[in-house]
Structure formats: C-alpha cells, structure tokens
Trainee: 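Sharing a structure with you now.
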Amino acid sequence: MTQLVGLIPLFPLIGFLVIGLWQKKFPGIFSGILASVLVALSFIISAGIFFTLPTSPVTVDIFDWIVCGSFSAKMSFYIDPVSSVMLLIVTGVGLLIHIYSIGYMKNDEGFARFFSYMNLFVFFMLLLVLGSNYLVMYAGWEGVGLCSYLLIGFWFKNTEYNHAANKAFIVNRIGDLGFVLGIILMFLNFGSISFDQVFSSASHMPHNQPVMVTITLLLFVGAIAKSAQIPLYTWLPDAMAGPTPVSALIHAATMVTAGVYMIVRSNIIYSLAPFTLHIIAIIGLATALFSATIALAQTDIKKVLAYSTVSQLGYMFVALGVGAYSSALFHVTTHAFFKALLFLAAGSVIHAMSGEQDIRNMGGLRKKLPITFLVFGAGTLAISGVPPFSGFFSKDEILAKTYLQSPFMFIVLSITSVLTAIYMFRLFFLTFYGTFRGNREQEHHLHESPPVITIPLVILAILSTLGGFLGMPSILSSHHFFDTFLSPSIAPGTLAGSGEVSHTFEWTVVAVSVLVLAAVIIWLYSRYQTRGNVPPQEEASFTPAYRVLNHKYYIDEIYDTIIVKPLYGLGVVFWTLVDNRLVDGVVTGINKGVLYSSQMLRRVQTGNIGFYIFVMVFGIIALLIFNLVL
Amino acid sequence: MVTLIILAGLGLISLFSEIFSFRKILYPLILAGLAAAFVANITDWNTGGAIFNNMMHSDHFSVAFNGVLIATAFFWFLVSPGYFHDPTNRTDHFSLLLFSLTGATLLTSFSNMIMLFLGIEILSISLYVLAGSKKQDLASNEAALKYFLIGSFTTGFLLFGMALLYGASGSFNLEAISRFIANNQGQGNVLVYTGVILMMSALAFKVSATPFHFWAPDVYQGSPTVVTSFMSTVVKTAALAAFLRLFMYCFGTINGFWSGGIEIIAAASIIIGNLTAIFQDDFKRMIAYSGVSHAGYMLLAILAMNNSSASSLLYYSAGYSLSLLVAFSALLLVAKATGAETISAFNGLAKRNPLLAGITIIAMLSLAGIPPTAGFFGKYYIFSAALKSNYTGLVVLAVFGSLVGVLYYFRVIIVMFREGSDTRPVVASPGERIYLLLIAFLILFIGVWPGYLVSLL
C-alpha cells in the first residue's frame with residue numbers, strides 16, 4: 001500500500017493541469033466533479049495507507065530532485081502516523097469541501113479556474129505533509145502560500161480582495177524567509193536536510209545548544225506566519241476575502257495548521273531546545289487570548305470565525321510549547337472538523353442571505369435554514385468545548401497538559417476557553433435566533449441550501465460531534481487511541497504528562513467548565529434571544545472597550561504607520577533618486593553608447609571586396625606582429 | 001569510415017538519379033541514407049582508430065561531431081525541400097549539399113593536413129556553387145562571387161601555413177607535427193609560428209570571426225535562405241570542430257603562443273558582431289552578424305584548452321544549429337507569405353500563425369541564451385570552461401555581448417506581437433509544423449537535460 005503513496009499528490013496535480021489547461025472547454029459543473037473525483041481517489045489511497053500503516057516509518061523515493069555536490073534532496077515521501085493523519089485530514093476534509101464547492105460556486109464564472117486552484121492547493125498541501133525532507137516540505141509550504149494568494153484574490157476584479165491577497169502573500173514571505181534560513185542552517189550544521197538524518201544526528205546533542213535554538217526559532221518564524229500567530233496574524237482575517245470554501249479548506253482546516261504540523265514533525269529537534277518551546281508557548285498563549293477578545297466585537301460572520309481560528313491555532317501552539325505534541329495534532333484534527341463545518345455552514349448562511357455577511361442584518365434564521373442551523377449548532381458546541389463534542393476532548397487534553405507545566409498558563413487558557421464560548425454563542429444566537437433584521441428582498445430570497453451543500457455539512461457535523469472519541473481522557477478510558485497511534489513518531493520522554501493530572505482534579509475541571517459554559521449560554525440566550533440585543537450599527541454608540549475590540553486594537557493601523565508607510569517612503573526615495581536618476585541614467589547611457597557605436601560600425605561594411613581583403617590582410621599582419629615581434 | 005562512404009555515395013546517387021530517372025524517390029532515399037549514416041557513425045563509437053592509411057582518425061570527438069553534423073543535415077533536409085521548386089536543379093543541389101556534408105565530416109576526423117585541406121575545399125566549393133544557385137538573382141550571383149574570391153584568397157593562407165609547417169617539421173601528419181612542436185618548443189621556430197598564425201587566420205575566416213567576417217553578411221544575405229541555413233549550421237559547426245581539433249590536439253603544446261591571437265579574434269568578434277547586428281533590418285544579415293559573435297563565444301572553448309572544451313563546443317554547436325534551423329525555416333515561411341526577408345516581415349506573426357510564432361520564440365530565446373533552452377546551457381558550459389582556464393575578462397565581455405544579443409533577438413519577438421499592416425496568414429504545411437515542433441522540442445529537451453550531450457566527450 002505504501003508504494004502507492006506517489007499517487008496521492010499525483011491525482012490533484014493531474015486535476016490542476018487538466019482543468020487549468022482546458023478550463024474553457026469543460027461544460028457546466030464537470031470540472032468540479034472531476035476535481036472532486038480526483039481528490040476522492042487520493043482520499044481512498046490515504047485511507048488505505050492509514051489502515052495498513054507499517055510499524056516503523058517508511059520513506060518512499062520518487063526521484064532524485066536536486067543533486068549538487070554533497071547536497072542532495074530526493075523527491076521522496078515519508079509515511080508515519082503523523083503524516084498519515086494529516087493525509088486523511090487534507091484529502092478527507094478537502095474532498096467534502098470540494099463537493100460543497102460544486103454547489104457553492106455553481107454560478108461563478110471562474111468555476112473551472114476555482115477548481116484548478118483548489119486541486120493545485122491539495123497537491124501542494126500533500127507535498128507539504130508527505131515530504132521526507134525539509135526541502136520538499138518547503139516546496140509544499142511555498143506552493144500552498146501561492147494557492148492561498150490565488151484563491152484569496154480569486155475575485156480579482158475587486159481591488160480590496162487583491163490587497164488582501166497581497167497582504168497574505170507578503171506577510172507569509174517574512175515567515176518563509178525564516179523557514180528557509182532555518183533549513184540552510186540545518187544543512188550547514190547536520191550536512192543533510194532529510195528528516196531521518198537530521199533527527200538521528202540531533203538526538204545526540206545536548207539541550208539548548210545555541211545552534212539548535214537558532215534553527216528551531218527560525219523554523220518557528222515560518223510557522224508564525226503560516227499559522228497566523230502574533231505578530232504576523234493580521235493577514236488571516238483579511239484572507240476571508242476569498243470564497244468561503246477557501247476559508248474553510250485553506251484558512252481553517254489545513255494550510256494554517258501547517259506550522260503546527262511542521263513542529264510536530266520536528267518534535268525531536270524542538271525537544272532539544274526547551275528555550276524555543278517556552279517562546280512558542282508564550283506566543284501561542286498571547287495569540288489565543290488576544291484574538292479571542294477581538295472576536296468578541298466583530299460583526300462579520302466570517303471575521304468572527306477567522307479570529308476564532310487564530311485563537312484556536314494559539315491553543316495548538318501552547319500545546320506544542322508544553323511538549324504535548326500529540327495533543328496539538330489531536331486539536332488540529334478536531335479543529336479541522338468543526339472549523340471547516342462552521343465556515344461551510346457560514347457559507348450556507350451567506351448563500352441564503354444573498355451575500356450578506358453582517359450578523360447585525362441576520363437573525364431568526366433557524367426556521368428557514370433548519371439543517372444549517374443544526375450543523376452550525378453542533379460546530380458551536382464543539383468549538384466551545386461542551387462535552388461530549390469533539391472540541392471538549394482536545395481542549396481538555398491541552399488544558400490538562402498545560403496545567404502540569406504551568407498553572408498560570410492553565411488559567412489564561414481557561415479564560416480564553418470561556419471567551420471562545422462567549423463569541424461563538426453570540427454569533428450563533430445573533431444569526432439563528434431573534435427576529436430577522438435583513439431587508440425584504442433578502443427575506444424573500446431566504447432558502448435552505450441544496451443537498452450538495454448540506455450533505456458535506458452533515459458529514460462534518462457528525463465528525464465534529466464524535467471525533468473527540470479518538471482521544472478519550474484517562475478519566476473515561478484507559479486507552480487513548482490518538483496518543484498510542486502517534487507514539488512512534490514522537491520522541492520518547494517528550495510527551496508532557498509524564499506525570500498525569502490527578503483524576504479528582506480533572507473531574508473538577510470538567511464540572512466547573514460545564515457549569516461555566518451553561519452559565520454563558522444562558523446569559524447570552526437571554527441577552528440576544530429574550531431581550532433581542534443587537535450590536536450597535538453606529539460607531540458613535542460604541543462603548544470605548546467595544547470600539548477598541550471592534551477595531552482589532554488598531555493593530556493594522558499601527559503596522560501601517562510604523563512599517564508599511566516608512567517602507568513606501570523608502571521606496572519612493574529609491575525609485576525617484578536611485579532608480580530613475582542613477583540606475584536609469586547609467587542604463588540609458590550604456591544603451592545610447594551601444595547604439596551609437598553600432599551606427600558607426602555598420603559603415604565599415606562597404607560591400608567592396610577589395611576593402612574586405614585589405615582588412616583581412618591587415619588583420620593577419622597585425623596578428624603576426626602581435627605574436628612574433630611583440 | 002562507413003559513414004564517409006555512405007555520404008559520398010549518397011551524393012553520387014543524387015547525380016545519377018537524373019540519368020536513371022528515379023528522382024521522385026530521391027528525397028526519401030536521401031533521408032534514409034542520412035539516417036543510415038547516422039547509425040553507421042554511432043557504431044564507430046568504440047571501434048575508432050586510424051583509417052585510410054592514417055589520413056584520418058576516428059575517435060569520440062569525431063563521432064560526436066559527425067553525429068551533430070549529420071543530424072543537423074537530416075533536419076535541414078526535413079524542413080527545406082520545398083524550396084527547390086525546379087526538379088532538375090534539385091538533384092544537383094542535393095548532391096552538392098551532400099558533398100559539402102562529406103567535406104564537413106572530413107573536418108572532424110582529419111589526422112593529416114592534406115585531409116584538412118581536402119575537407120575545407122570539398123565543403124567550400126560546393127557552397128560557392130550553392131550560394132549562386134538562384135541564377136536569375138543578382139544578389140545571389142554577387143554572393144557566390146564574393147564568397148568564392150575571398151574563400152580562395154584564404155585558401156591561399158591555409159596552404160601557405162601548411163607549407164610552412166611542413167617546411168619546419170617535414171610532415172603533414174598531425175601527430176608528427178605535434179611531436180616536432182613539442183620537441184622544439186624553446187627555439188622560437190619562426191616557420192612554425194608563422195604557419196600557425198596563417199592557419200588560424202584561414203580557419204577564422206571559415207568560422208566568420210572578426211576581422212575575417214566581412215564576407216558573411218553579404219553572402220548570407222545574397223544566398224538562397226536554405227543555403228544560408230546550411231552554411232550557418234553545418235559549415236560553422238564543422239569549421240569550429242576543425243579549429244578545435246587542430247589547435248587543441250596538434251598545436252596544444254604552444255598554446256601560450258597562439259592564445260593571444262585567438263583572444264583578440266574572439267573579443268573583436270563578440271564586440272563587432274553584436275554591435276553591428278543591432279541595426280540590421282535584413283533578417284539574414286542580422287543572423288550573419290550575430291553568427292560572428294557566436295563564433296567569438298565558441299572560440300572561448302578553444303582558448304580554454306581543458307577537458308570540457310570539446311564537450312562544451314559540441315553542446316553549443318548542437319543548440320546553435322537547431323535554433324538557427326528553426327529561425328531560417330520560420331523566415332522561409334514568412335518570406336513565402338510576405339515576399340520580404342526583413343525582420344519587419346515577422347510583423348504580427350503571433351496572430352498570423354501562433355504556432356510558428358511560438359516556435360520562433362523558442363529559437364530566439366535559445367539564440368539569446370535564455371534558460372531553459374539549449375542556448376543558455378551552451379553559453380554556460382563554454383563560459384565555465386573558459387573561467388576554469390582563467391579567462392575571466394573575456395568571459396565578462398562575452399556576458400555583456402550576450403546582453404546586447406538580447407536586444408536584437410528580442411526585436412524579432414517584439415515585432416511578432418506588433419500589429420502590422422500585413423495580416424495575411426502565414427501558412428505552414430502539416431509536415432513543416434511537425435518538423436518544426438520536433439526541433440523546438442529538441443532545443444528544449446537538450447536544454448533541460450544537457451547531460452546527454454555534454455557527457456559524450
């Protein structure tokens with residue numbers, strides 16, 4: 001089965017080429033069906049690999065990619081529990097989102113182009129998770145960045161969207177630079193970039209060696225940008241400009257978790273640099289809390305979900321920072337389910353509302369969109385961590401592992417958890433309860449989405465509900481499937497919770513969290529349903545705190561003032577003085593000189609044979625004098 | 001040896017086809033014969049050695065270059081037959097071309113000065129006639145006469161140089177001359193040195209390097225386009241192979257003496273060739289001048305005198321020949337539609353025949369040395385060979401020269417996208433389309449996988 005792994009990325013690549021090259025020729029929704037079938041084929045092989053997984057990691061060589069002196073990078077794939085879980089997420093969730101998109105994008109003129117980009121994205125994402133060395137991973141890493149750019153700016157006629165796409169791309173370049181420097185340093189240090197060799201030579205090194213700390217920090221810079229952590233998170237909310245399925249696939253379920261995957265993959269070298277792990281935990285914690293507060297005051301349905309994604313990614317980084325790699329990957333999995341679900345359900349709402357995204361203009365949709373309402377509810381319960389929905393298990397696990405490391409972080413994370421429930425239920429109640437606040441036309445148009453949209457939603461809702469049972473906490477079951485499954489890929493002794501939390505403590509946490517959640521839900525229900533509270537439309541009626549949160553702490557404006565504007569200023573200086581005057585002057589000068597001498601030289605060609613022969617003889621004499629006399 | 005016999009025999013058969021009236025099947029016969037010659041040539045790879053009483057020496061160098069020459073000629077025959085409308089003259093032209101090719105193969109495998117002379121003469125005399133083969137055209141006649149006059153003039157230099165070398169060493173055999181030179185290095189033998197300079201000048205004429213290049217623009221422009229195409233590909237490759245073979249393997253021990261001269265010739269060719277090509281309106285004149293600069297680049301391989309000289313020259317000439325074949329075929333088709341052979345005849349080609357425009361772009365990119373075409377790697381290998389032998393200054397000059405080259409090669413590309421007054425479609429027959437696609441594919445193929453050719457030598 002593992003030998004077939006080469007086919008997994010091949011199918012979407014074929015899809016990209018075929019659909020991309022002949023996009024004008026395919027009738028109707030054919031390209032969408034083709035793209036979905038190809039991803040389905042990849043999913044089937046991924047599932048086959050998952051169920052017949054060999055006990056030790058396997059590397060499958062496809063071809064020699066770059067061989068140059070002592071440097072060699074093979075195009076080869078690495079199959080172990082971690083990559084096989086990611087394979088299932090990428091192809092499985094990817095498949096559902098592809099099917100959903102057939103319905104969602106049906107009337108878009110760029111239908112075929114959309115699916116060619118989507119398949120290209122799946123190809124690069126698979127390259128990223130399958131690569132057996134850092135260079136293949138980097139190729140996938142860059143590729144998904146490219147696809148993200150293409151898809152954010154998918155509706156390229158809108159200038160705003162193009163700006164959002166540029167922002168995502170440019171911010172990611174910063175991270176990519178760190179990533180590539182990390183890879184170079186790794187090659188200089190270990191003489192190799194393949195996982196096997198790096199990990200085996202790293203494992204003999206002492207802890208916190210400066211070079212290891214540098215490598216891990218540089219790689220982490222890449223993860224910060226890709227996974228939208230402080231200070232490089234600002235691109236992700238803007239990335240919501242893309243079509244909703246893109247937000248679900250790329251900016252919630254898969255690409256943004258690439259940073260988490262990369263660190264889980266490199267857990268052996270990260271465990272050797274506890275200093276880096278501390279930094280990761282701090283940044284993750286700050287991001288989780290910070291973006292959760294922003295989400296409290298957003299009114300765009302996708303923006304709330306975007307900040308929630310940033311916040312949940314922060315959770316995962318906290319887990320990584322405390323060394324709970326498998327918990328982080330567990331949360332990646334459950335998050336992929338429920339966040340994809342929430343985005344797609346939001347898409348269904350937007351679809352029904354004729355493109356409206358402001359929750360202040362929604363309300364009371366539960367009667368008109370019963371299926372969407374139910375699945376969105378399941379997603380909300382899951383992300384808020386209500387037992388027994390999947391988010392409860394993965395969050396609970398991260399909380400427990402964090403408590404073992406630092407009670408302070410545990411408290412902050414718990415607060416974040418409560419905030420999550422608040423902004424999610426605020427969103428949920430404002431959208432589905434109360435009375436309808438949109439205009440007449442929208443009300444008239446309200447309808448439940450067709451099955452091609454609702455069926456993927458229902459499947460994702462089931463996964464979000466039950467997915468948590470993959471990793472039951474020890475109070476409920478002695479068998480933690482996820483931990484055991486991943487253990488071959490996680491460095492021994494790095495699993496946090498070498499000391500378990502006591503069962504009494506865990507039960508207390510569960511009980512308290514359920515009570516707090518119940519209180520939050522009741523409070524929000526009365527606030528939005530019973531009293532019909534709606535966030536104010538006018539900026540003047542904002543309370544000061546609400547205004548700050550609504551403006552996202554003015555971070556975009558601050559970045560603009562201290563980084564973007566000075567850079568533009570510098571650009572203007574270089575453009576007018578250095579480029580226009582100096583460089584262009586020199587270039588045109590040379591150009592003029594070349595043209596002038598060309599004009600002069602043409603005149604030598606007279607057409608007169610006598611002259612030609614004279615020059616030849618002259619040349620020979622000159623050569624003879626040059627060589628024999630001088 | 002078999003290769004040579006097949007090629008000469010093919011030439012004779014072309015002549016006989018008129019008498020025994022089987023000229024209808026002559027064309028396929030020639031293609032088959034060339035294919036057979038190619039195969040026969042390859043089978044010589046490991047069975048080399050002295051042949052014809054040590055007049056010639058078959059080795060990896062000669063087999064590889066013969067392969068490129070025969071393949072180029074084969075492609076030439078694929079794309080050019082339609083040009084000879086008159087069926088009677090056609091057989092004569094074919095036989096002349098085949099004899100010329102025979103001369104070219106002598107130039108890659110000679111081990112005796114006499115064979116070098118014979119090769120050059122067989123190659124050239126056929127071409128003198130071919131250059132004038134458009135009998136009614138004044139320019140064609142002028143080209144033939146000019147080519148002949150200057151060519152015979154330089155043959156004099158060649159013979160004089162050989163005579164001087166014979167006078168010094170008492171032999172025409174390359175090995176004997178090489179031994180003599182090696183044994184008498186310190187004595188500053190004026191006969192040898194003068195002979196070497198004279199032969200250098202004669203060969204520089206054949207490869208059209210400055211200051212012996214003046215014939216090229218006039219002859220290239222005046223000759224029928226297919227003949228120009230043959231001259232600038234097969235003839236140039238053969239002449240450069242002879243140049244390398246003679247100077248590296250025979251005069252190699254005194255390279256300190258002659259390298260200065262070639263340095264000057266190469267530098268002058270790069271400067272003069274590139275600069276004069278800029279303002280040419282006639283496509284063939286532009287190619288002629290740019291051919292001067294390409295000769296300059298290729299001389300760097302001879303200057304380098306190291307183990308990558310031969311392989312880089314082989315690769316460069318293969319890429320250069322393929323690109324020029326495409327360029328000239330495109331010119332033929334464009335000229336057929338518009339009646340002009342100027343660069344502006346390509347106006348709007350992107351609309352008039354997108355496929356042809358695309359293929360021409362590949363050829364132009366290759367000539368300009370843009371990756372991933374063969375032209376880029378050809379330059380890369382030659383420049384890096386020259387750098388290995390510390391010709392940094394010359395390589396810098398060559399790189400600047402290539403930059404100037406972009407100017408006039410891209411002019412052709414730009415013109416293709418300009419809206420012209422002439423919107424008549426440029427027609428290419430299905431066969432021509434397939435052959436041109438095949439050659440364009442080869443340009444890209446050896447550009448992406450240069451190892452197959454470079455590792456030969």
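Labels below follow one simple rule: chain letters A, B, ... track the order of the sequence lines, proteins then strands, and each chain is numbered from 1.
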Trainee: Is A/Ile590 in contact with chain B via its backbone, its side chain, both, or neither, using a 4.5 Å heavy-atom distance?
Mentor: neither
Trainee: Taking salt bridge (charged side-chain N to carboxylate O under 4.0 Å, His left out) as the test, write out the residues that go with A/Lys592, two or more places apart.
Mentor: none
Trainee: In terms of side-chain geometry, is the basic nitrogen of B/Arg285 or B/Glu341 positioned less than 4.0 Å from the acidic oxygen of its partner?
Mentor: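 The answer is no: the pair does not qualify as a salt bridge.
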Trainee: Counting the benzene-type ring for Trp, do A/Phe124 and A/Trp141 have ring centres under 6.0 Å apart?
Mentor: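 Between A/Trp141 and A/Phe124, which both carry aromatic rings, the centre distance is not below 6.0 Å.
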Trainee: Under a 4.5 Å heavy-atom cutoff, which of A/Leu601, A/Ile620, A/Val615 has the most pairs with chain B?
Mentor: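 The option with the most such pairs is A/Ile620.
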Trainee: Would you be so kind as to tabulate the donor-acceptor pairs closer than 3.5 Å made by side chains of residues 3-15 of chain A, with sequence neighbours excluded?
Mentor:
none

Trainee: Pick whichever of B/Leu149, B/Asn274, B/Ile264 has the most heavy-atom pairs under 4.5 Å with chain A.
Mentor: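 Top option by heavy-atom pairs under 4.5 Å: B/Ile264.
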Trainee: Which atoms of B/Phe153 come close to chain A, meaning under 4.5 Å heavy atom to heavy atom: side chain ones, backbone ones, both, or neither?
Mentor: side chain
